[in-house]
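Here the structure is laid out as structure tokens; the discussion comes afterwards.
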Amino acid sequence: MSENSDAGLEAPKGVPFDAAAAVSRLAEGTAAAVGGLGRRGAVVAVSGGIDSSVTAALSVRGLGAENVLCLRLPERDVGSRSSDLGLVLAESLGTPTVEEPISDVLEALGCYASRDEAIRKVFPDYDPSWKHKLVRSEPTGGITFFSLVVERPDGTQEQRRMPPDAYRELLAATNMKQRTRKLLEYTWADRLSYAVVGTPNLLEYDQGFFVKGGDGLADVKPIADVYKSQVYAMALELGLPEQITSQRPTTDTFSLPQTQEEFFFGFPYEQMDLLMWGHEQGLDAAELAPRVELEPKQVEAAYSEIERRRVATEYLQAPAVIVEAAR
């Protein structure tokens with residue numbers, strides 16, 4: 001929960017947020033954290049998305065552009081767009097930047113072959129040239145299930161529900177992307193004596209929307225206490241390029257365009273911010289519903305999912321269990 005929530009500084013619309021003060025505080029805190037670890041700079045994996053862009057910009061404010069490496073890590077399903085936007089960001093911030101494509105590594109690890117095998121359990125005639133994505137069911141407060149969407153060569157799309165085993169296999173394969181990126185982040189961090197600075201915002205961090213040993217792994221997490229709407233406000237305060245600040249959040253994982261809403265949260269971030277805030281403030285669903293432009297039963301479903309996700313993803317936040325030897 002944001003440390004500012006008790007002061008009324010909620011992220012969603014309608015309540016002022018001092019983006020300039022937040023930028024100053026988080027930049028100073030990032031620099032202090034990196035220095036406290038005995039490291040002399042920061043590695044930030046940038047995709048051109050709003051979270052990684054703001055994290056890189058905060059690192060530059062705190063450490064200086066010459067002490068921040070913007071690492072671009074594209075792969076074939078997403079294409080070059082994320083790396084191209086990462087380059088735009090690095091050039092605007094004046095940081096060094098390196099591109100390390102990871103497709104060949106993923107191919108060697110069996111990522112794409114495992115992915116295709118999982119997809120064929122749902123679409124037996126699937127060809128790797130087809131685009132695809134995962135989508136979740138509508139939030140109801142009940143069980144969430146996932147469906148696979150494929151786009152055939154003629155442009156038609158078809159959606160089928162995934163059985164649990166195929167879903168887990170597909171997720172395990174695609175999670176290799178995040179873990180491979182993190183391997184390269186730490187390789188560069190070791191080379192430069194830098195810290196790895198992570199990019200999850202409050203919604204992602206609280207709700208477990210990250211891969212363990214992947215994008216959830218970092219030495220410093222500057223925006224993990226910051227609502228998504230606040231991240232956008234800070235992006236404007238930091239003067240980031242319009243190509244970045246105008247983008248909607250995506251997962252940057254599958255070959256078909258996929259929003260975070262349809263894959264994980266079930267609501268757009270503007271509503272999700274308010275739902276998280278209302279839940280933490282203890283607001284009744286009927287009280288929050290008009291403000292978030294939902295029915296009370298939808299707010300109740302969202303509240304239920306917030307709690308269920310925290311329980312289901314608790315292990316992602318857990319440190320390794322040290323088993324004590326008998327004495």
Side-chain angles (χ1 to χ4, degrees), residues 1-17 50-51 122 133-149 157-164 166-168 170-171 200-210 224-233 247-251 253-254 256-317:
M1 187 62 200
S2 171
E3 65 183 14
N4 295 320
S5 61
D6 58 355
L9 291 180
E10 88 198 67
K13 56 190 176 183
V15 176
F17 169 64
I50 199 73
D51 293 326
V122 183
K133 66 178 176 180
L134 272 175
V135 295
R136 55 157 291 163
S137 56
E138 291 293 321
T140 63
I143 295 174
T144 301
F145 61 87
F146 289 84
S147 296
L148 182 65
V149 179
Q157 292 189 1
E158 187 175 350
Q159 178 174 324
R160 296 179 187 172
R161 184 167 171 175
M162 292 201 82
Y167 166 76
R168 290 192 299 268
L170 179 58
L171 207 60
N201 61 59
L202 185 149
L203 293 180
E204 295 169 346
Y205 183 75
D206 182 278
Q207 294 290 280
F209 186 34
F210 54 83
D225 194 38
V226 182
Y227 285 103
K228 189 76 171 187
S229 300
Q230 290 177 327
V231 175
Y232 274 97
Q247 283 199 107
R248 297 294 297 178
T250 66
T251 62
T253 299
F254 297 97
L256 276 175
Q258 181 198 53
T259 66
Q260 293 181 349
E261 171 189 352
E262 66 181 341
F263 176 64
F264 191 80
F265 291 112
F267 299 93
Y269 77 85
E270 297 92 341
Q271 288 181 321
M272 196 63 210
D273 274 352
L274 261 174
L275 291 164
M276 177 73 77
W277 176 82
H279 180 271
E280 293 306 287
Q281 296 296 316
L283 296 184
D284 183 80
E287 182 181 356
L288 184 65
R291 190 169 182 179
V292 77
E293 299 178 352
L294 294 171
E295 296 296 323
K297 65 179 181 180
Q298 293 176 292
V299 176
E300 290 172 356
Y303 280 1
S304 175
E305 284 206 355
I306 286 170
E307 285 301 324
R308 285 169 48 204
R309 279 194 292 260
R310 285 175 176 169
V311 173
T313 63
E314 187 176 7
Y315 84 100
L316 296 176
Q317 305 278 15

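One-based numbering along the sequence shown.
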### Query
Arg291 versus Trp277: any side-chain heavy-atom pair under 4.5 Å?
yes
### Message
On a heavy-atom basis, which atom in Gly142 and which in Arg308 lie closest, and how many Å separate them?
### Response
O-NH1, 2.5 Å
### Query
If you round to the nearest 0.5 Å, how far is CG of Leu170 from CG of Leu148?
6.5 Å
### Task
Over all heavy atoms of both residues, which pair between Gly141 and Ala301 is shortest? Give the atoms and the distance, please.
N-CB, 3.4 Å
#### Entry: Any Leu288 side-chain heavy atom under 4.5 Å of Gln281 side chain
no
### Message
List the residues meeting side-chain hydrogen bond (donor to acceptor under 3.5 Å, both in side chains) with Glu300, not counting sequence neighbours, and say none if there are none.
### Response
none
### Task
Please report the shortest heavy-atom distance between Arg310 and Asp206, naming the atom on each side.
NE-OD1, 2.8 Å
### Query
Is the cationic atom of Arg309 (NZ for Lys, CZ for Arg) positioned less than 6.0 Å from the six-membered ring centroid of Phe264 and within 45 degrees of its normal?
yes
### Query
When rounded to the nearest 0.5 angstrom, what is the spacing between CD in Gln247 and OH in Tyr232?
7.5 Å
### Closest approach of Ser137 to Thr144 (non-hydrogen atoms, all atoms of both residues)
OG-CA, 3.5 Å
#### Entry: Test salt bridge (charged side-chain N to carboxylate O under 4.0 Å, His left out) applied to Glu261 - qualifying residues, sequence neighbours left out
none
### Contacts of type side-chain contact (heavy atoms from CB on, under 4.5 Å), residue Glu262, not counting sequence neighbours
Lys133, Val135, Gln258, Thr259
### Message
Would you say that Leu203 contacts Phe209 through its side chain, given a criterion of any heavy-atom pair below 4.5 Å between the two side chains?
### Response
no
### Any residue meeting side-chain contact (heavy atoms from CB on, under 4.5 Å) with Phe267, in chain and number order, not counting sequence neighbours
Pro139, Gln271, Met272, Leu275, Leu294, Ala302
## Note on the structure
Sorted by chain and number, sequence neighbours left out, side-chain hydrogen bond (donor to acceptor under 3.5 Å, both in side chains) with Arg168 holds for none
### Message
Please give me the minimum heavy-atom distance between Thr313 and Gly208, naming the atom from each residue.
### Response
OG1-CA, 3.6 Å
### Task
Could you tell me which non-hydrogen atom of Ser229 sits nearest to which non-hydrogen atom of Asp273, and how far apart they are?
OG-OD2, 2.5 Å
### Straight-line distance of Gln230 CD to Asn201 CG, nearest 0.5 Å
10.0 Å
### Residues in ring pair (Phe, Tyr, Trp, His ring centres under 6.0 Å) contact with Tyr205, at least two apart in sequence or another chain
none
#### Entry: Minimum side-chain heavy-atom gap Ile50-Lys228 below 4.5 Å
yes
#### Entry: Contacts of type salt bridge (charged side-chain N to carboxylate O under 4.0 Å, His left out), residue Glu158, not counting sequence neighbours
Arg152, Arg160
### Message
As an exercise, state the distance from OG1 of Thr140 to CD of Glu305, rounded to the nearest 0.5 Å.
### Response
7.0 Å
### Task
List for me each residue that meets salt bridge (charged side-chain N to carboxylate O under 4.0 Å, His left out) alongside Glu138, sequence neighbours excluded, and say none if there are none.
none
### Message
For Phe146, give me all partners under ring pair (Phe, Tyr, Trp, His ring centres under 6.0 Å), at least two apart in sequence or on another chain.
### Response
Tyr167
### Query
In terms of heavy-atom contacts, does CD of Glu295 have more than 12 from other residues, nucleotides or ligands at under 6.0 Å?
no
### Message
Suppose we screen for side-chain hydrogen bond (donor to acceptor under 3.5 Å, both in side chains). Which residues come up paired with Gln260, at least two apart in sequence or across chains?
### Response
Glu204
### Message
Does anything in residues 279-313 form a ring-ring contact (aromatic ring centres under 6.0 Å, His included)? List the pairs, not counting sequence neighbours.
### Response
His279-Tyr303
### Counterpart residues, side-chain hydrogen bond (donor to acceptor under 3.5 Å, both in side chains), relative to Arg161 (two or more places apart)
none
### Message
Can you confirm whether Arg248 sits close enough to Tyr269 that some side-chain heavy atom of one is under 4.5 Å from a side-chain heavy atom of the other?
### Response
yes
